[in-house]
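See below for the structure under consideration.
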Protein chains: 2
Amino acid sequence: MPHDHEAILQKVRQDLPTDELLCDLADLFKIFGDTTRIKILYALLESEMCVCAIADLLGMTQSAISHQLRILKDADLVGKRREGKTIYYHLSDEHVRTIVAQGFEHLIEEQMPNP
Amino acid sequence: MPHDHEAILQKVRQDLPTDELLCDLADLFKIFGDTTRIKILYALLESEMCVCAIADLLGMTQSAISHQLRILKDADLVGKRREGKTIYYHLSDEHVRTIVAQGFEHLIEEQMPNP
DNA sequence: CGTTCATATGAATCGCTGTTCATATATTAG
DNA sequence: CTAATATATGAACAGCGATTCATATGAACG
């Protein structure tokens with residue numbers, strides 16, 4: 001007979017958020033989980049930028065960048081501002097900075113040789 | 001003639017981390033960007049758990065969970081402990097808690113109606 | 001040793017997603 | 001209005017990755 005773990009299961013089930021919330025959370029991190037998007041976000045940490053500047057910076061197509069910016073915008077991670085023909089993108093809030101920073105810290109500690 | 005943005009580009013290029021680091025960062029977030037893995041991590045925030053308990057909790061195959069646990073382990077996000085036939089998984093550090101919490105905060109503010 | 005329970009692993013499949021290409025929209029200049 | 005620049009978008013394609021299925025490993029127990 002298989003072993004029992006109803007006790008733990010009940011406890012965990014109680015505190016587990018709804019499926020929908022957990023999916024939303026995964027979707028958010030999915031956005032950070034792409035090299036191109038991470039680079040865009042990192043660049044925007046420094047200063048607002050127009051699309052072609054980002055494309056130039058990353059050595060990628062304007063189209064590719066535009067597609068990614070759309071995803072970032074849909075997730076409310078960036079916002080835009082028009083100035084003539086040019087559109088400047090910027091971070092919409094400071095959460096990006098904190099989230100990225102936390103990721104960084106984990107990477108650093110991970111690469112440390114054990115003391 | 002296309003418009004100029006060398007000034008900003010130079011500044012940003014200076015402070016942009018190496019490609020390798022940015023990829024590692026994206027890879028880290030990629031791990032959080034899957035519903036199954038987020039759920040596993042969330043469960044482990046509460047208490048350590050054996051594989052079949054997690055499978056039971058999420059209503060998924062033992063095999064599927066095992067595959068995901070391997071990914072989490074390779075990324076040093078979880079560790080394991082053997083007790084007879086059973087193997088208990090636990091979070092390897094508290095960064096998971098902080099990273100997830102930050103993601104949460106963004107979600108909450110995002111869903112707020114503007115004041 | 002052989003059986004049972006718990007977990008791991010490898011191959012195959014199938015859906016998702018990032019890029020490309022072609023084209024559309026928008027703004028400014030002439 | 002036409003041309004040029006800047007960005008957006010849609011369809012198509014390719015590669016990756018999560019699950020499934022079958023099977024292997026590993027431990028305890030008689």
Side-chain angles (χ1 to χ4, degrees), chain A residues 1-6 8-9 19 22-23 26-41 44 48-75 77-90, chain B residues 1-6 8-9 19 22-23 26-41 44 48-75 77-90:
Chain A
M1 116 196 75
H3 83 259
D4 182 54
H5 28 53
E6 265 311 311
I8 302 155
L9 274 186
D19 236 67
L22 289 168
C23 285
D27 285 342
L28 176 63
F29 286 121
K30 214 169 286 179
I31 293 176
F32 287 84
D34 175 78
T35 311
T36 304
R37 287 192 293 262
I38 273 279
K39 285 178 184 171
I40 294 177
L41 291 174
L44 295 182
E48 68 170 10
M49 279 198 181
C50 65
V51 181
C52 59
I54 300 173
D56 197 342
L57 175 69
L58 305 189
M60 294 180 66
T61 309
Q62 171 267 321
S63 178
I65 301 299
S66 198
H67 279 295
Q68 297 306 335
L69 283 170
R70 181 156 175 29
I71 294 175
L72 292 173
K73 183 136 196 328
D74 285 349
L77 291 171
V78 305
K80 51 173 155 176
R81 168 179 81 81
R82 162 157 255 147
E83 196 176 309
K85 300 179 228 169
T86 310
I87 294 185
Y88 292 94
Y89 280 83
H90 56 88
Chain B
M1 118 193 72
H3 84 258
D4 181 55
H5 29 52
E6 266 311 311
I8 302 156
L9 275 186
D19 236 67
L22 290 168
C23 285
D27 285 342
L28 177 63
F29 285 121
K30 214 169 286 178
I31 293 176
F32 288 84
D34 175 79
T35 311
T36 303
R37 286 191 294 262
I38 273 279
K39 285 178 184 171
I40 295 177
L41 291 174
L44 296 182
E48 68 169 11
M49 279 198 181
C50 64
V51 181
C52 59
I54 300 173
D56 197 342
L57 175 70
L58 306 190
M60 294 179 66
T61 309
Q62 171 268 321
S63 178
I65 301 298
S66 199
H67 278 295
Q68 297 306 333
L69 282 170
R70 180 154 174 34
I71 294 175
L72 292 172
K73 182 138 197 328
D74 285 349
L77 290 171
V78 305
K80 50 173 156 176
R81 168 179 80 83
R82 162 158 254 147
E83 195 177 311
K85 299 180 228 169
T86 310
I87 293 184
Y88 291 94
Y89 280 84
H90 57 87

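Numbered from 1 within each chain, the chains take letters A, B, ... in sequence-line order.
- Among the protein residues, Tyr89(A) comes within range of the sugar-phosphate backbone only, with heavy atoms under 4.0 Å from sugar or phosphate atoms but none that close to a base.
- Under the 3.5 Å distance criterion, the side-chain polar atoms of Arg70(A) are left unmatched by any main-chain donor or acceptor of Leu72(A).
- Summarising the geometry, the separation between CG on Leu58(A) and P on dG18(C) is reported as 15 Å, rounded to the nearest angstrom.
- Protein atom CG of Leu69(A) is 16 Å distant from nucleotide atom P of dA6(D), rounded to whole Å.
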Report, as a single string ordered 5' to 3', how protein heavy atoms within less than 4.0 Å touch nucleotides 25-30 of chain C: B base, S sugar-phosphate only, - not at all.
-SBS--
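- No engagement by Lys73(B) is indicated, since no non-hydrogen atom pair under 4.0 Å with the nucleic acid exists.
- Counting heavy atoms from C-beta outward, Ile40(B) and Met49(B) have side chains that stay 4.5 Å or more apart.
- Within 6.0 Å of the CZ atom in Arg81(A), the count of heavy atoms belonging to other residues, nucleotides or ligands exceeds 12.
- Taking atom CD1 of residue Ile65(A) and atom P of nucleotide dT7(D), one finds them 11 Å apart after rounding to whole Å.
- When all heavy atoms are compared, the tightest approach of Thr36(A) to Leu58(A) is O-CD1, 4.0 Å.
- Taking only side-chain nitrogens and oxygens, Arg70(B) comes nearer than 4.0 Å to OP1 or OP2 of dT9(C).
- To the nearest 0.5 Å, atoms CG (Asp27(B)) and CZ (Phe32(A)) are separated by 15.0 Å.
- Between the OH atom of Tyr88(A) and the C1' atom of dT5(D) there is a distance of 13 Å, rounded to whole Å.
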Per-nucleotide protein contact string for nucleotides 17-23 of chain D, where B marks a base within reach and S marks sugar-phosphate only (heavy atoms under 4.0 Å, - for neither)
-SBBBB-
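- One can place NZ of Lys39(A) at 14 Å from C1' of dT19(C), the figure rounded to the nearest angstrom.
- Using a 4.5 Å heavy-atom threshold, the side chains of Leu69(A) and Lys73(A) count as separate.
- Atoms NZ and CD1, from Lys39(B) and Ile54(B) in turn, are 13.0 Å apart once rounded to the nearest 0.5 Å.
- Contact detail for His3(A) and Cys50(B): the closest heavy-atom pair is NE2-SG, 3.3 Å.
- Taking every heavy atom of both residues into account, Ala26(A) and Thr35(B) meet most closely at CB-N, 3.7 Å.
- Whole-Å rounding puts the Ile87(B) CD1 to dT9(C) C1' distance at 13 Å.
- Counting to the nearest Å, the C1' atom of dG26(D) and the NZ atom of Lys80(B) are 11 Å from each other.
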